[in-house]
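Computed from a predicted model, the values in this text were never measured in an experiment.
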Amino acid sequence: MTGALTGRRLLITGASSGIGAATARLAASAGARVALIARREAELTELADELGGLAVPADVTDAAALIAAVDRAAAELDGLDGVIASAGVARPINVATDDPADMANLVQVNVIGLLHTLRATVPHLIASGAGDVVVLSSLSGRRVPRDTMGVYSGTKFAAHAIAEGLRLELADEPVRVTTVAPGYVATPIADAATGSDAERFRADVAAHGMSPVTIARLIVTATIPREAELVELAVRPTGE
């Protein structure tokens, strides 16, 4: 992919680790200039220094802070050509017994945070004349994988619907919208899981998780060919 993204200006949320960090590295190696958004400033700055990119710490659930971060990134890069909306959280939830705050956090990050990201970036992408939106959803946005993943799946069903609605909304604009829907991926997202089924969730991710680089390759591919729009890319671990 060397040189495939030369001149492209990409903003990546959730960039401090996991799929976001892998995408940032791959995009930079393909020639893109990258702006990185996440809450963890130290990790974000270290990655930006490694890639020669821009670190813009922000929380996607804070609309005002995110707009300021996106506008700063656009000013520093002289515009934006693409956004990779990869910020997210995952945890199993027993609706009848687990902490409602954990349920609310899933919705705040995975749904409201996504909406904030799109609202802040889409005007810049339209202005670029050749923009890309990549929404990182999940195969759990197409089916509920087990009893304790209904709430998480609900947020990813929403991500699919938001992305598809945005694609229709932007039909007359020079912006493509792609949903990437992976199965288990070996990232730190499972490490932070809480609740009564957290250990089983971590074990499944450890046993079946794909490399974040595998997903990053799909994301970067979605931003390359201008003659085609990749509407959805679904991928699961071989043998799962």
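- Put simply, Val70 and Val122 are part of the same group of oily side chains (I, L, V, M, F, W, Y) that touch within less than 4.5 Å, one to the next.
- Identified under the salt bridge (charged side-chain N to carboxylate O under 4.0 Å, His left out) test for residues 98-108, with sequence neighbours left out: none.
- Note that CG of Leu47 is 5.0 Å distant from CZ of Arg25, once rounded to the nearest 0.5 Å.
- Note that CD of Glu229 is 6.0 Å distant from OG1 of Thr178, once rounded to the nearest 0.5 Å.
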Stepwise side chain to side chain contact (heavy atoms under 4.5 Å, CB included) check, Val135 with Ile162: CA-CA 9 Å; Val135 172; Ile162 289 165; over 6 Å; no

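- No hydrogens or angles considered: nothing links the side chains of His160 and Thr179 as a donor-acceptor pair under 3.5 Å.
- Here OG1 of Thr23 is found 7.5 Å from CG of Leu136. Values are rounded to the nearest 0.5 Å.
- With no hydrogens or angles considered, a side-chain donor-acceptor pair links Asp71 and His124 at under 3.5 Å.
- Under the 4.5 Å side-chain heavy-atom criterion for ILVMFWY residues, a single connected hydrophobic cluster contains both Leu115 and Leu11.
- A search for side-chain hydrogen bond (donor to acceptor under 3.5 Å, both in side chains) contacts involving Glu41 returns nothing, not counting sequence neighbours.
- In this structure, the separation between CG on Leu118 and CG on Leu125 is 9.0 Å, given to the nearest 0.5 Å.
- Salt-bridge check for Arg142 with Glu232: passed, with a basic side-chain N closer than 4.0 Å to an acidic carboxylate O.
- Residue Glu46 qualifies as open at atom CD: its count of foreign heavy atoms under 6.0 Å is 12 or below.
- Around the CG atom of Asp78, the shell of radius 6.0 Å holds no more than 12 heavy atoms that belong to other residues, nucleotides or ligands.
- The aromatic rings of His208 and Tyr184 lie parallel to each other, with less than 30° between the two planes, well short of the 60° mark.
- Each of Leu44 and Ile67 belongs to its own hydrophobic cluster when Ile, Leu, Val, Met, Phe, Trp and Tyr are linked at side-chain heavy-atom distances under 4.5 angstrom.
- A continuous path of Ile, Leu, Val, Met, Phe, Trp and Tyr side chains, each step under 4.5 Å between heavy atoms, connects Val109 with Phe201, placing both in one hydrophobic cluster.
- Distance check: Leu5 CG to Thr221 OG1 gives 9.0 Å after rounding to the nearest 0.5 Å.
- In this model, a donor atom of one side chain and an acceptor atom of the other lie less than 3.5 Å apart for Arg40 and Ser17.
- One finds the OG1 atom of Thr13 at 8.0 Å from the CG atom of Leu114 (value rounded to the nearest 0.5 Å).
- Both Leu106 and Val205 are members of a single hydrophobic cluster when ILVMFWY side chains are connected at heavy-atom separations under 4.5 Å.
- Among residue pairs with one or both ends in residues 149-172, those qualifying as salt bridge (charged side-chain N to carboxylate O under 4.0 Å, His left out) are Glu164-Arg167; sequence neighbours excluded.
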Verdict with reasoning, Thr121 to Val133, per side chain to side chain contact (heavy atoms under 4.5 Å, CB included): CA-CA 9 Å; Thr121 57; Val133 174; 5.6 Å; no

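- The list of salt bridge (charged side-chain N to carboxylate O under 4.0 Å, His left out) pairs with a residue in residues 120-134, not counting sequence neighbours, reads Arg8-Asp132, Asp132-Arg176, Asp132-Arg226.
- Looking at residues two or more places apart in sequence or on another chain, you find a side-chain hydrogen bond (donor to acceptor under 3.5 Å, both in side chains) between Asp147 and Arg200.
- Atom CZ of Arg202 has more than 12 heavy atoms from other residues, nucleotides or ligands within 6.0 Å.
- Judged as a salt bridge (charged side-chain N to carboxylate O under 4.0 Å, His left out), and not counting sequence neighbours, the contacts of Arg146 are Asp197, Asp204.
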